[in-house]
*Asks:* 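Before we start, here is the structure in question, set down as structure tokens.
Each chain gets a letter, A, B and so on, in the order the sequences are listed, and its residues count up from 1.
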There are 2 protein chains.
Amino acid sequence: MTYSIGDVVKKTGLSAYTLRYYEKEGLLPFVKKNASGVRAYSDEDLRWLTMIECLKDSGLQIKEIRQYIEWFNEGDSTLAQRLSLFENRRKILEKEMARLTVVMNKIRYKELLYREAVRVGNLDIATNERRFMQLKKKLFESPDDFDK
Amino acid sequence: MTYSIGDVVKKTGLSAYTLRYYEKEGLLPFVKKNASGVRAYSDEDLRWLTMIECLKDSGLQIKEIRQYIEWFNEGDSTLAQRLSLFENRRKILEKEMARLTVVMNKIRYKELLYREAVRVGNLDIATNERRFMQLKKKLFESPDDFDK
DNA sequence: TCAACACCTAGAGTCAACTCTAGGTGTTAT
DNA sequence: ATAACACCTAGAGTTGACTCTAGGTGTTGA
């Protein structure tokens with residue numbers, strides 16, 4: 001079973017431009033072409049696209065994904081490199097989630113503050129309400145940095 | 001108390017290029033310049049930079065940050081727009097954290113799998129071990145999509 | 001047979017967010 | 001008074017990841 005580029009566009013949601021671009025960048029080294037140069041994607045190629053999507057979602061750049069694919073093709077001699085890629089990624093994702101948690105707190109504070117400001121029709125009044133001053137103190141080391 | 005651009009570079013970690021770029025893009029509409037054109041940043045400007053950093057961290061583009069600053073300068077008539085910006089951001093951050101949680105699962109699975117593969121010296125053996133097949137089934141709807 | 005259609009390549013264009021260059025001004029230490 | 005230094009502007013260049021254009025090929029239904 002093989003698929004035309006149009007089929008793969010429908011299956012993946014990627015554009016045909018993007019699929020050709022990925023190939024040019026070495027992300028799909030196995031895609032076959034028929035006698036007249038038309039691509040015929042295999043199920044294996046589709047699985048690679050799923051993996052590429054995951055690696056992209058985890059924040060890898062295209063050249064890093066290409067590196068991973070090259071390692072994969074070199075076989076078991078590159079297991080250690082691939083393990084260390086996933087370890088690093090996991091650590092980076094942990095940091096990213098911690099970062100987002102901090103940002104989320106700040107944005108939630110702003111949302112609450114502005115909800116109150118809309119209610120009373122004035123930002124300064126809301127900002128100076130005791131409960132918002134306490135909330136700010138609780139959430140931030142240096143609360144004055146957060147009044148813009 | 002005012003600060004030269006060099007002082008602000010040290011305080012914020014942003015480059016002087018970036019600070020001038022932000023100003024050109026309308027993110028720092030209040031920075032004063034002395035008679036010979038040299039920037040003198042105020043504490044107020046530094047607080048804006050803190051806010052800009054937060055908005056950038058939350059994923060806003062520079063033109064969206066400029067919009068926010070413009071709304072701020074228009075005063076209480078734009079409270080509703082600003083509230084809705086923060087609401088949207090909070091929702092986007094929630095989605096982003098959910099997305100990262102899913103990605104994290106996949107990457108952690110890969111890390112475990114490769115740790116085992118390194119231990120036994122062969123990827124296929126690790127992949128076919130009962131405990132990894134079960135783990136894969138538990139983690140993913142379509143486990144075969146995840147063998148690359 | 002001929003128009004519509006899906007596909008092809010090479011290479012140019014776009015966008016965001018910087019980052020740097022060239023050429024100049026103003027201030028300060030020796 | 002001159003060299004070093006920090007600063008200035010306008011505008012060009014960079015990077016990553018696409019996205020599109022121009023010009024062409026191959027297949028298929030009326």
*Asks:* Contact between Thr50(B) and Leu46(B) at the side-chain level, heavy atoms closer than 4.5 Å - yes or no?
*Replies:*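 A side-chain contact under 4.5 Å is absent here.
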*Asks:* Parallel, tilted or perpendicular: which describes the rings of Phe72(B) and Trp48(B), with under 30° parallel and over 60° perpendicular?
*Replies:*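 It falls in the perpendicular class, over 60°.
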*Asks:* Would a 4.5 Å heavy-atom cut-off, applied to side chains only, mark Leu100(B) and Leu93(A) as touching?
*Replies:*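 The answer is yes; the side chains approach within 4.5 Å.
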*Asks:* How many whole angstroms separate atom CD of Gln61(A) from atom P of dG16(D)?
*Replies:*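 Taking atom P of dG16(D) as the reference, CD of Gln61(A) is at 6 Å.
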*Asks:* Please determine if a side-chain N or O atom of Ser15(B) lies less than 4.0 Å away from the OP1 or OP2 oxygen of dC18(C).
*Replies:*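 Result: no.
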*Asks:* Can a side chain N or O of Ser4(A) be found less than 4.0 Å away from OP1 or OP2 on dC7(C)?
*Replies:*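 For dC7(C), OP1/OP2 do have a side-chain N/O of Ser4(A) under 4.0 Å.
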*Asks:* Glu64(B) has an atom CD; how far is it from atom P of dA16(C), in whole Å?
*Replies:* 10 Å
*Asks:* For Tyr109(A) and Phe86(B), I'd like to know if the aromatic rings sit close, meaning centre-to-centre distance below 6.0 Å.
*Replies:* no
*Asks:* To the nearest 0.5 Å, what is the distance between CD (Gln81(B)) and CD (Glu74(B))?
*Replies:*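 The CD atom of Gln81(B) sits 7.5 Å away from the CD atom of Glu74(B).
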*Asks:* Are Lys56(A) and dC18(D) close enough that a side-chain N or O sits under 4.0 Å from OP1 or OP2?
*Replies:* yes
*Asks:* Do the charged groups of Glu111(B) and Arg89(A) touch, with an N to O distance under 4.0 Å?
*Replies:*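 No, no charged N to carboxylate O under 4.0 Å.
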*Asks:* Measure the distance from CG on Leu55(B) to P on dA16(C) and round it to the nearest whole Å.
*Replies:* 18 Å
*Asks:* Within residues 16-41 of chain A, find the residues that approach DNA chain D with a heavy atom at under 4.0 Å, and present them sorted by residue number.
*Replies:* Tyr17(A), Thr18(A), Tyr21(A), Tyr22(A), Ser36(A)
